[in-house]
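One structure is given below, encoded as structure tokens.
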Amino acid sequence: MSTSPLIEIKDLRIRFHGDDGRVTHAVDSVDLSVANGATLGLVGESGCGKSVTSLAIMGLLPKQSAEISGAIRFDGFDLLKTPDQTLRDLRGNRLAMIFQEPMTSLNPSFTIGDQIIETILRHRGGSRRSARDRAIELLRRVHIPSPERRVDEYPHKLSGGMRQRVMIAMALACDPRLLIADEPTTALDVTLQAQILELMRELKAASGAAIILITHDLGVVAEVCDEVAVMYAGEIVERAPVDELFSTPQHPYTVGLLGSIPRLDHRAEQLATIEGMVPNMAQPPAGCRFAARCPFVLDACTRAPPPLVEISPGHLSRCIRAPLELLVS
Amino acid sequence: MALLEVEGLVKHFVAERSLFGRALAHVKAVDGVSFSLEAGKTLALVGESGCGKSTVSRLVLRLIEPDAGTIRFDGRDLLSLDAGALRAFRREAQIIFQDPYASLNPRMTVGQILTEPLALHDLVPPAQRRERVAEILRLVGLEPRLERRYPHEFSGGQRQRIAIARALAVEPKLIICDEPVSALDVSIRSQILNLLRELQDRLGLAYIFVSHDLAVVKHIADHVAVMNLGQIVETAEADALFAAPRHPYSRALLSAIPVPKPRAKSSRIVLQGEIPSALNPPPGCRFHTRCPYVVDRCRSEMPQLVSDGIGHATACHRTSELPSSAAIVPMDGGFSPVLEKLVAAFSAGPEAARGGGVSPLGTDPA
């Protein structure tokens, strides 16, 4: 594992300009980096900016309405300044993405083989026959039974878990350095989820690719991630090695999230709840964006936006009350 | 006497018809399901997509008609009720759905949505209906002044509260909760789970809770029935099931739960192969194609659900021969000591946390 990160995001800001002239602050001053072979979990609830961040990396945000600033350095490129043609060469090649809903991301009128072969021919060239052999090999790698036969099937013939495996095979077609997985198991049953997570672990070990896993499921995060970034209202509020995030979270929002999930061997009568609502991102609050919902709030929290500060090596929190353990010791 | 007793329930949907309308193929959605539910208790139905859990919940309400079996509710035979009696029964059993966006009429205000069942069943004289609506809204944690608003003005969690309020309006004894929190964010999910539990304690409601989220099931259910391809393969008290699942399918299902603790100890059973189609379920035990413990007998003879005499029933030929399952469900070890105190302080609210001193509730929240 090299020390220089594979991808480094600096001060990423994304604003959406609505038709009515309203400006939504979707992502604000996001700094992230992922090393080769590492898995970063990007966690947060609907609308926190985690998917928008990943779409910005892939260069998939609409140019007319999205205003993006900052830098995304990947493999010698600044992805935000890279011309479209070069981006197209990178996407599906060194940069790959899998989405939550495999049925809407596969083209229903082409066989799965055609769709994988297209990716291979676009980026690697070669003969159609050798691309087909590689497609079969990829399907075998993601444990699709009788791949020689399945390669000629249409997406609707496959089950949900099988389709998600086809998506993974397609993403792996050109040995990506970075794989972005946006809620890859959310639509799946727990038994299939276990299969897919197992598969992702296996493939990471074999290829050494880095993974950014976007999810709202903290169980999945605990299972596959090395590092976690928690997002709230467009900002990263906490970043930590996975063990530390679950044992000594340093942002009240993370505490609320961890307290609100039912545990298997701890029968709480009441689960923790986070009262109130996410702020309106057309007019983000002046101070801490979580202040209105935070039980640990002080007057100072609402005056100025708190910086992301390192609490212990590698563990950052955007909370002026951190380290939080001092509040309860 | 149990509030709800279901015996030998069967529902086959026609999947394909011949040119002349003769049924050629059936989906065996529910195939011989029996269970009972006490008043004030929660029974969870769990299993993978397509196992028939949602179909069972709709059969129990007679939203679809079963092909065979009996359903007794409060001592009455539900399947023999005429239209009028069925309507009266609907007062006693209600349902809430997964998608709170789709289940509320967008053209009606919250007040109208909640008044409708009161008027329909003539529960409350017209003059007192507004008062009653305000009362129901308070019960689910919404302010009465919100009755003039339309569903689109609410967040997902609030809409689910409105759906619960509508179910409560007729003062039912049973509420079917079909994936009620699956579409909600984690922090909202916990609010709705807390609310469902609080309402159960206060009003003595019975729930049938359909969910694929097993940690949620462990949290809310008294009893659990595990379904596979239209049949119950195991049923037990929730604590007993999660402590030691017996059926190989339950073992695989429970071992696959991802727990929010890095490097948690787990002996996960990753099932190989695909879920067989309910159109053409395998002969014998319907799980045998994916079962790691399969023997010849499983391929030909369908196992019956056999109880151990203390309420734990399993449908597997090899129940007594299987290895211990005590360590199968992954254990997350609960919260770390620091997290436990932080969560307690978080839940205690602003007063407890202000000042940075010792949190009064930081000691023992269990």
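Order of the sequence lines fixes the chain letters, A, B, ..., with proteins taken first and strands second; residue numbering starts at 1 for each chain.
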Practice task
Can you establish whether the number of heavy atoms outside A:E153 located under 6.0 Å from its atom CD is more than 12?
Solution key: yes
Handout entry: A:R201 CZ: over 12 foreign heavy atoms closer than 6.0 Å
Key = yes
Problem - A:H251 and A:F290 aromatic ring geometry - parallel, tilted or perpendicular at 30°/60° bounds - result: tilted
Practice task
Please work out whether the ring planes of A:H156 and A:Y154 are parallel, tilted or perpendicular, with thresholds of 30° and 60°.
Solution key: parallel
Can you see whether [X] engages [Y] through a side-chain donor-acceptor pair at a distance of less than 3.5 angstrom?
X	Y	answer
A:H143	A:E198	no
A:S146	A:E148	no
A:Q270	B:S347	no

Output the option from [options] having the highest count of non-hydrogen pairs under 4.5 Å with chain A.
options	value
B:P258, B:P337, B:S336	B:P258
B:I188, B:L193, B:N194	B:N194
B:G157, B:A215, B:S190	B:S190
B:R189, B:K261, B:H212, B:E48	B:E48

Exercise for the section: Could you tell me whether B:E340 and A:R263 have a side-chain N and a carboxylate O separated by less than 4.0 Å? Expected result: no
Exercise for the section: Mind ranking A:D243, A:T248, A:L257 by heavy-atom pairs under 4.5 Å with chain B and telling me who comes out on top? Expected result: A:D243
Problem - Most contacts with chain B, counted as non-hydrogen pairs under 4.5 angstrom, among A:L258, A:I274, A:L218 - result: A:I274
Counting only non-hydrogen atoms closer than 4.5 Å, does [X] touch chain A with its backbone (N, CA, C, O), its side chain (CB onward), both, or neither?
X	value
B:L271	both
B:F346	both
B:S155	side chain

Exercise for the section: Would you mind checking which part of A:P145 comes under 4.5 Å of any heavy atom in chain B, side chain (CB onward), backbone (N, CA, C, O), both or neither? Expected result: neither
Exercise for the section: Side chain from CB out, backbone as N, CA, C, O: work out which of these in A:V255 comes under 4.5 Å of a heavy atom of chain B, or both, or neither. Expected result: both
